[in-house]
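I am attaching a structure below and will ask some questions about it afterwards.
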Amino acid sequence: MADGQDDQGAARRRSTAELADVLLGAVDHEEGRTQQRARERAQTRLAAALERLDAAGFAPEAPDQEIDAEDLDLVAVAVEEGDGTYRIELSVNCDPEPSDALDQATLHLRLSPALHAVTRFDAFGCASLAGVPALPWKLRLLGRPRTSTRGTALTLPHLARPTAAQAAGGADRQIFLPDHELALAVSALPGGAGYEVEATSTGPARPPRVLVLRFTTVSGDESVHLLPIVELADRVTAIAHLPDLDPYAPWQAEPLPAVACLAGTDSAVVAASVARSTGLRTLQAWETLAEAADPATRNAVREALGGSAT
């Protein structure tokens, strides 16, 4: 009899615990939906405010602008840096939405069809871009990246389709990632052979690191490519041939600050990235990166390079 009562008591406790887990899960899910709705509202209002900023003529000739909109205030300031370039600073108050509603949303600066820059809003609604030339400025919001392993990903702009003459000449389109002192150049290869993507460093020397590209293929699938950012002979450059890249579809870049961040990366992604690398300098960068990587990544790189894994 006592054993039966104990079993019933244990069953009730398990049932209560399971119900509590369900309720907590429902609360977490609803909180997540509430945060998502707040982000969507804030981003919609900011996108409209950026359109008004553009209409107001935000430019080197009119470097201070304030946009007062319903439930959102936007202040844009451009400060000359002394070398003919500007530092653009944006501050957004999106009350009544929480202050972090714009956190990690990507801000896109279009300077010309071939020249772009991106940066990220922080948890306080602030974003900045340095080294901006005195060209026509058009700012717009690209939203949050779909995937971010370390919170450093940036949504990249959909690039305008080149004219026939530009495509035949493999015209470069450049995207600067100022916060990470990196630049991406995207070139259409002749004959419909896909695209070449080149990453270069625009800042001082740093230890080896990695730029992760997540892009949409021409078949609509998502693919990942790793670019080794390694200084060799006072120069940092990494080139990849991406035959299936669709640069007019969603894509993003995420700089990883250290090689150690690659730990746990699928070896197939590493091998495919090495295989798509172009040029002796990029292959040498992979060799240098492998020396500082975890054993699994190091083996994947060396096997892809045709060497012996250790």
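Excluded from the calculations below are hydrogen atoms, water molecules and symmetry mates; all remaining heavy atoms, backbone and side chain alike, are included.
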- Task: Starting at CG of Leu242, measure out to CD of Glu196 and round the result to the nearest 0.5 Å.
- Result: 9.5 Å
- Could you give the distance from CG (Leu211) to CD1 (Ile229), rounded to the nearest 0.5 Å?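 That separation rounds to 5.5 Å.
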- Examine the side chains of Arg39 and Gln36 and answer whether a donor and an acceptor come within less than 3.5 Å of each other. yes
- Query: Would you find a donor on one side and an acceptor on the other, under 3.5 Å apart, between the side chain of Arg298 and the backbone of Ala293?
  - Reply: yes
- Task: Identify the two heavy atoms, one from Ser223 and one from Thr217, that lie closest to each other, and give their separation to 0.1 Å.
- Result: CB-CG2, 3.9 Å
- Item | side chain to side chain contact (heavy atoms under 4.5 Å, CB included) assessment of Cys261 paired with Glu254 | CA-CA 11 Å; Cys261 299; Glu254 181 164 21; over 6 Å; no
- Item | For Leu50 against Leu107, the heavy-atom pair lying closest together | CD1-CD1, 4.0 Å
- Item | Listed partners of Trp286 passing side chain to side chain donor-acceptor pair (under 3.5 Å), at least two apart |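 Applying side chain to side chain donor-acceptor pair (under 3.5 Å) to Trp286 gives Ser277.
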- Task: Identify the two heavy atoms, one from Thr282 and one from Ile239, that lie closest to each other, and give their separation to 0.1 Å.
- Result: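 Residues Thr282 and Ile239, closest heavy atoms: OG1-N, 3.0 Å.
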- Query: Is there a side-chain contact between Leu184 and Leu156 (heavy atoms, below 4.5 Å)?
  - Reply: yes
- How far apart are the closest heavy atoms of Gly143 and Gln43, and which atoms are they? CA-OE1, 3.7 Å
- Query: Going hydrophobic residue to hydrophobic residue with side-chain gaps under 4.5 angstrom, can you get from Val118 over to Tyr86?
  - Reply: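 No: no chain of side-chain contacts under 4.5 Å links Val118 to Tyr86.
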- Do Glu97 and Asp71 touch side chain to side chain, with heavy atoms closer than 4.5 Å? no
- Query: Can you tell me if Arg120 uses its side chain to pair, donor with acceptor, with the backbone of Leu154 under 3.5 Å?
  - Reply: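 Checked: no pair found.
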- Check whether any side-chain N or O of Thr216 sits under 3.5 Å from a backbone N or O of Pro250 as a donor-acceptor pair, and report yes or no.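 Flag set: sc Thr216 to bb Pro250 pair under 3.5 Å.
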- Task: Under the side chain to side chain contact (heavy atoms under 4.5 Å, CB included) rule, what do His225 and Leu245 come out as? Steps first, then yes or no, please.
- Result: CA-CA 10 Å; His225 182 81; Leu245 168 68; over 6 Å; no
- Message: Could you tell me if the side chain of Thr297 sits less than 4.5 Å from the side chain of Val259, heavy atoms only?
- Response: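 When only atoms from C-beta onward are counted, Thr297 and Val259 do not touch, as no gap falls below 4.5 Å.
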- Going only through I, L, V, M, F, W and Y residues with side-chain contacts under 4.5 Å, is there a path from Phe121 to Leu177? no
- Query: Are the side chain of Glu81 and the backbone N or O of Gly131 linked by a donor-acceptor pair below 3.5 Å?
  - Reply: yes
- Task: Kindly compute the distance separating CZ (Arg209) from CD (Glu231), expressed to the nearest 0.5 Å.
- Result: 10.5 Å
- Message: Are the side chains of Ser219 and Asp244 in contact, using a 4.5 Å heavy-atom criterion?
- Response: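 Answer no - side chains too far apart.
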- Item | Donor-acceptor side-chain pairing of Gln252 and Thr155 below 3.5 angstrom |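 Not at all, the side chains of Gln252 and Thr155 share no donor-acceptor pair under 3.5 Å.
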- Message: Test side chain to side chain contact (heavy atoms under 4.5 Å, CB included) on Ser128 and Arg87; report intermediate values, then the result.
- Response: CA-CA 7 Å; Ser128 64; Arg87 179 179 182 86; 3.1 Å; yes
- Query: Cluster question for you: counting only ILVMFWY and a side-chain heavy-atom cut-off of under 4.5 Å, with indirect links fine, are Leu109 and Val92 together?
  - Reply: yes
- Test log, rule side chain to side chain contact (heavy atoms under 4.5 Å, CB included), inputs Thr85 and Val132: CA-CA 5 Å; Thr85 64; Val132 178; 5.7 Å; no
- Message: The criterion is side chain to side chain donor-acceptor pair (under 3.5 Å); which residues satisfy it with Asp73, sequence neighbours excluded?
- Response: none
- For Gly57, does its backbone N or O pair with a side-chain atom of Trp137 as donor and acceptor, under 3.5 Å?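 No; zero donor-acceptor contacts below 3.5 Å.
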- With a 4.5 Å limit on heavy-atom distance, are the side chains of Val197 and Phe215 in contact? no
- Query: Got a second to check how far Phe58's CZ is from Leu74's CG, nearest 0.5 Å?
  - Reply: 8.5 Å
- Query: Minimum heavy-atom separation for Val274 to Leu283, with atom names?
  - Reply: O-CD2, 4.3 Å
- Query: Less than 4.5 Å apart, any side-chain heavy atom of Thr265 and any of Val212?
  - Reply: no
- Message: On a heavy-atom basis, which atom in Ala263 and which in Asp294 lie closest, and how many Å separate them?
- Response: CA-OD1, 3.4 Å
- Message: With heavy-atom distances below 4.5 Å as the criterion, would you say the side chains of Arg110 and His116 are in contact?
- Response: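 In contact.
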- Under a single-linkage definition using a 4.5 Å side-chain heavy-atom cutoff for Ile, Leu, Val, Met, Phe, Trp and Tyr, are Leu142 and Phe176 assigned to the same hydrophobic cluster? no
- Message: Is there a path of hydrophobic side-chain contacts, each under 4.5 Å between heavy atoms, that joins Val77 and Leu102?
- Response: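 Cluster IDs for Val77 and Leu102 differ.
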- For the residue pair Arg302 and Glu291, establish whether any side-chain heavy-atom pair is separated by less than 4.5 Å.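 Touching, per the 4.5 Å side-chain cut-off.
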